[in-house]
Novice: 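Here's a structure for you.
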Amino acid sequence: MTNKEISHLLRNVAVAYLLKDENKYRFQIIAYQKAADAIDLSPREVKDLWKEGKLLTINAIGPKIAEYLEELLVKGKVSHFEKLMKDIPKTLFELLSVPGIGPKKAYKLVKILKINKEGTAIEKVKNAAEKNKISKIEGFGEKSQSDILINIQSFKKGQIKENRMVLPFAYEISKDIISYLKIIPEVIVAESLGSLRRMASTIGDIDIAVSTLNNNKVIEHFCNYPKKERLLEKGETTASFILTNGKQVDLMVQSPKSFGALLQHFTGSKQHNIALREYALKQKMSLSEYGIKINNNSLVSPKSLLNKQNYNSKTKIYEFENEKDFYNALKLQWIPPELREDKGEIEASAKNKLPNLVSIKDIKGDLHLHSNYNLEPSHDLGQNSMQEMLEKAENLNYQYIAVSEHSPSVGNHTKKEIIDILKRRKDYIEQINYSHEKNKKNTVKKIFNSMEVDILINGEISIPNEGIDQLDYYIVSIHSGFNMQKEEITKRILHGLENEKAKILGHPTGRLLGKREGYEADWLKIFNYCAKNNKAIEISAYPDRLDLPDYLVKEAINNNVKLVINTDSHDVNQMNMMFYGVSVGRRGWAKVSDIINTLSYNNFIEWIKK
DNA sequence: GCCGTTTTCGGCCCGACTGTTTTCAGTCG
């Protein structure tokens with residue numbers, strides 16, 4: 001049973017409680033929803049955690065739900081859940097995936113339309129709407145009937161939240177909307193927030209915040225965006241539409257005086273905001289996108305935390321122009337957006353112990369570059385010459401780079417041919433370095449002679465020992481045989497890293513966002529090996545990969561593993577993508593000292609030799 | 001049903017928008 005199936009079941013349990021007695025079961029409903037959220041966000045399979053006896057390590061899962069999950073995984077069902085859902089038609093749950101239909105409406109629809117046959121609910125509701133039957137039902141009307149039809153249509157087209165975007169795609173969309181918004185002078189500031197600001201690996205919808213003194217004007221302008229397909233809602237402070245490509249865009253506007261509170265609110269994550277508000281509540285403060293409210297009979301003297309000048313006596317809210325003051329008012333350090341996932345950042349911030357995160361300016365080199373030097377490789381060559389990549393590295397102010405084309409294909413070459421190719425390439429790189437060194441103004445001191453070497457199915461690497469002698473060091477990565485058992489693939493990776501010149505494990509999980517899951521490996525074992533033997537694990541900045549994933553970055557760091565952030569560029573423009581990889585590092589709580597390519601040129605040479 | 005700066009009991013985030021209503025319920029983020 002997958003995490004998705006389990007969380008779906010728990011959400012249905014929450015729905016069942018809600019339909020049974022919303023007030024009586026208020027907190028059970030929340031508990032089940034929180035548990036479902038936690039499972040959705042869990043990087044580990046619930047099934048595995050259960051086998052390891054670690055179900056309770058998931059926050060929001062306590063003894064009771066753990067017991068039910070155990071029953072579920074053993075018997076395939078839970079008698080308590082079955083009993084709870086006995087009176088609720090199963091068809092009801094099918095309707096919940098249609099936007100705008102929640103538990104109450106779904107219940108009415110299945111009851112009144114007598115929808116009993118599983119798998120037919122959405123189609124039956126659609127038919128009923130087309131025959132004008134829904135508008136007659138109490139609580140529904142003409143508008144909600146036509147809305148249901150539209151929403152069923154877009155649901156069928158696959159325009160659902162689960163279809164997430166990779167970062168550059170989301171960036172382009174948001175950039176376009178923001179520059180459109182800025183056409184009118186009423187827009188003082190426009191920023192993209194939500195998961196894009198937090199630099200999550202994939203983005204569901206685009207969230208935009210605007211600071212303005214004229215809400216109406218801004219919202220009107222936003223709603224006239226030319227690439228809008230249809231409007232979802234339009235109010236005094238928010239508006240939403242669907243783009244022609246099916247993606248949703250949400251806008252929130254706020255006066256400059258409270259813009260800091262809005263930034264905080266709209267950046268999320270949902271989990272971070274809930275945790276932050278609960279934290280504030282303990283100090284008798286209530287948070288919203290408008291600011292901070294002091295609750296009655298507060299034990300805390302407002303003066304100690306909040307600046308009187310920010311007090312709006314009309315709304316009784318303390319307002320914040322910037323986010324830092326907002327967090328500071330809660331006696332917290334400002335928390336970088338990448339950390340806002342309720343993964344311990346609030347606690348760390350309260351103790352002044354947030355990590356000093358690595359940033360793009362700390363990066364001194366890119367160690368995974370594919371030039372167009374033709375060594376008849378196993379996989380694709382790059383588009384640009386080594387010289388062009390060197391020039392780009394100068395522009396980026398790097399101190400060093402490494403070219404690391406794919407190793408020559410084993411199928412088409414003899415061992416001797418491979419060695420000859422690598423010898424010629426070594427001479428070539430030396431020549432470039434020689435002429436580059438002459439210009440003392442250059443910041444790049446050297447191109448390192450590296451290579452991306454395949455770890456073959458049997459764990460052997462794809463170049464012979466004499467070929468290795470031609471290299472400064474190399475990256476190993478897996479490009480085939482992804483469907484191996486966990487133990488096998490772990491062994492394969494460790495074997496691939498054995499040689500002392502194998503210094504980096506490239507795009508370690510092999511995932512391709514939205515296309516291919518990464519393979520399961522025993523990461524703890526790999527981390528321990530790497531920490532002990534001075535191997536670095538790559539964070540691929542390539543936006544379709546972002547691999548190592550952020551949660552494994554955090555685990556790697558906790559196990560003293562060094563990481564390296566590389567772009568895996570196949571042309572010079574891709575070298576600009578370093579930023580995405582740095583963000584993954586930041587989301588994994590990486591400091592400068594955790595990242596190898598923040599080392600100076602001399603220290604990096606020392607590291608290679610270790 | 002979960003969880004812990006003070007709490008193993010007594011709390012549980014906060015607000016916007018829409019449609020169907022005549023003041024609010026339902027849904028969403």
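Naming convention: chains lettered A, B, ... in sequence-line order (proteins, then strands); numbering from 1 in each chain.
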Novice: B:dC17, OP1 or OP2 - any side-chain N/O from A:Thr237 closer than 4.0 Å?
Specialist: yes

Novice: When rounded to the nearest Å, what value does the distance between P atoms of B:dG10 and B:dG15 take?
Specialist: 27 Å

Novice: If I pick the C1' atom on B:dT21 and the same atom on B:dG26, what distance separates them, to the nearest angstrom?
Specialist: 12 Å

Novice: Applying salt bridge (Lys or Arg N to Asp or Glu O under 4.0 Å), name anything that partners A:Lys104, two or more places apart in sequence or on another chain.
Specialist: A:Glu22

Novice: Considering just the side-chain nitrogens and oxygens of A:Asn59, establish if one lies under 4.0 Å of OP1 or OP2 belonging to B:dC3.
Specialist: yes

Novice: Determine whether the aromatic ring centres of A:Phe93 and A:His8 lie less than 6.0 Å apart.
Specialist: no

Novice: Please give, in whole Å, the distance from B:dG15 P to A:His265 NE2?
Specialist: 10 Å

Novice: Tell me the interatomic distance from A:Arg11, atom CZ, to B:dG29, atom C1', rounded to whole angstroms.
Specialist: 13 Å

Novice: Measure from the side chain of A:Asp250, starting at C-beta and using heavy atoms only, and say which of B:dG29, B:dG1, B:dC13 lies closest.
Specialist: B:dG29

Novice: Once you apply a heavy-atom cut-off of 4.0 Å, does A:Ile29 come out as touching a base, just sugar-phosphate, or nothing?
Specialist: nothing

Novice: With a cut-off of less than 4.0 Å, is there a side-chain N or O of A:Ser286 near OP1 or OP2 of B:dC14?
Specialist: yes

Novice: Any chance the side chains of A:Gln264 and A:Tyr327 put a donor and an acceptor closer than 3.5 Å?
Specialist: yes

Novice: Restricting to side chain to side chain donor-acceptor pair (under 3.5 Å), what partner residues turn up for A:Asn151, sequence neighbours left out?
Specialist: none

Novice: Choosing from B:dC17, B:dC14, B:dC12, which nucleotide comes nearest the side chain of A:Phe27?
Specialist: B:dC12

Novice: Can you check the A:Leu330 CG to B:dT5 C1' distance for me, whole Å?
Specialist: 14 Å

Novice: Please check if any side-chain donor atom of A:Trp334 sits under 3.5 Å from a side-chain acceptor atom of A:Glu323, or the reverse.
Specialist: yes

Novice: Which residues in residues 271-279 of chain A have at least one heavy atom lying under 4.0 Å from any atom of DNA chain B?
Specialist: A:Ile274, A:Arg277, A:Glu278, A:Tyr279

Novice: When every nucleotide of nucleotides 20-27 of chain B is labelled 5' to 3' by its protein contacts under 4.0 Å (heavy atoms), B for base, S for sugar-phosphate only, - for none, what sequence of letters results?
Specialist: SS----SS

Novice: Name all residues meeting the salt bridge (Lys or Arg N to Asp or Glu O under 4.0 Å) criterion together with A:Glu71; count only those two or more places apart in sequence or in a different chain, and write none if there are none.
Specialist: none

Novice: When all nucleic acid strands are considered with a 4.0 Å heavy-atom cut-off, which category describes A:Glu236: base, sugar-phosphate, or nothing?
Specialist: sugar-phosphate

Novice: Mind jotting down which residue pairs meet the ring-ring contact (aromatic ring centres under 6.0 Å, His included) criterion with at least one end in residues 126-148 of chain A? Sequence neighbours excluded, please.
Specialist: none

Novice: Can you see whether A:Arg197 engages A:Thr267 through a side-chain donor-acceptor pair at a distance of less than 3.5 angstrom?
Specialist: yes

Novice: Starting the side chain at C-beta, find the nucleotide from B:dC14, B:dC17, B:dG1 nearest to A:Ser288.
Specialist: B:dC14

Novice: Only pairs with both distances under 3.5 Å count, Watson-Crick or wobble alike; so what is the partner of B:dT8 in this structure?
Specialist: none

Novice: May I have all residue pairs that pass ring-ring contact (aromatic ring centres under 6.0 Å, His included) and include part of residues 233-275 of chain A, sequence neighbours excluded?
Specialist: A:Phe222-A:Phe241, A:Tyr225-A:Phe241

Novice: Using the P atom as the point on both nucleotides, what is the distance between B:dT6 and B:dG1, in whole Å?
Specialist: 28 Å

Novice: Does a nitrogen or oxygen in the side chain of A:Tyr290 sit under 4.0 Å from OP1 or OP2 of B:dA16?
Specialist: yes

Novice: Could you pull out all residues at least two apart from A:Glu341 that satisfy side chain to side chain donor-acceptor pair (under 3.5 Å)?
Specialist: A:Arg198, A:Arg587

Novice: With rounding to whole Å, what would you report as the distance between B:dT18 and B:dT23 at their C1' atoms?
Specialist: 15 Å

Novice: Base, sugar-phosphate, or nothing for A:Lys351, non-hydrogen atoms under 4.0 angstrom?
Specialist: nothing

Novice: With rounding to whole Å, what would you report as the distance between B:dT20 and B:dC13 at their C1' atoms?
Specialist: 28 Å

Novice: Going by the rule salt bridge (Lys or Arg N to Asp or Glu O under 4.0 Å), which residues pair with A:Lys108 if we only count those two or more places apart in sequence or in a different chain?
Specialist: none

Novice: How long is the line joining NZ of A:Lys34 and C1' of B:dC13, in whole Å?
Specialist: 8 Å

Novice: Measuring from the side chain of A:Glu289 (C-beta onward, heavy atoms only), which nucleotide among B:dA16, B:dC2, B:dC14 has the closest atom?
Specialist: B:dA16

Novice: Answer with base, sugar-phosphate or nothing: what part of the nucleic acid does A:Tyr107 contact at a heavy-atom distance below 4.0 Å?
Specialist: nothing

Novice: Are A:Asn312 and A:Glu319 linked by a side-chain donor-acceptor pair shorter than 3.5 Å?
Specialist: yes

Novice: With rounding to whole Å, what would you report as the distance between B:dT22 and B:dC28 at their P atoms?
Specialist: 23 Å

Novice: What integer number of Å spans the C1' atoms of B:dC2 and B:dT7?
Specialist: 14 Å

Novice: Which nucleotide wins on minimum distance to the side chain of A:Leu281, given the candidates B:dG15, B:dG29, B:dC12?
Specialist: B:dC12

Novice: Output all residues satisfying salt bridge (Lys or Arg N to Asp or Glu O under 4.0 Å) with A:Lys20, sequence neighbours left out; order by chain, then residue number.
Specialist: none

Novice: Measure from CG on A:Leu231 to P on B:dG19 and round the result to the nearest Å.
Specialist: 10 Å

Novice: Using the C1' atom as the point on both nucleotides, what is the distance between B:dC12 and B:dC17, in whole Å?
Specialist: 25 Å

Novice: Can you measure A:Leu262 atom CG to B:dC14 atom P for me and round it to whole angstrom units?
Specialist: 17 Å

Novice: Report the residues that fulfil side chain to side chain donor-acceptor pair (under 3.5 Å) with A:Asp147, sequence neighbours left out, ordered by chain and then residue number.
Specialist: A:Lys143

Novice: Please give, in whole Å, the distance from B:dC12 P to A:Asn23 CG?
Specialist: 15 Å

Novice: Would you mind classifying the nucleic acid contact of A:Ser240 as base, sugar-phosphate or nothing, using non-hydrogen atoms under 4.0 angstrom?
Specialist: nothing

Novice: For DNA chain B, which residues in residues 38-48 of chain A have a heavy atom at a distance below 4.0 Å?
Specialist: none

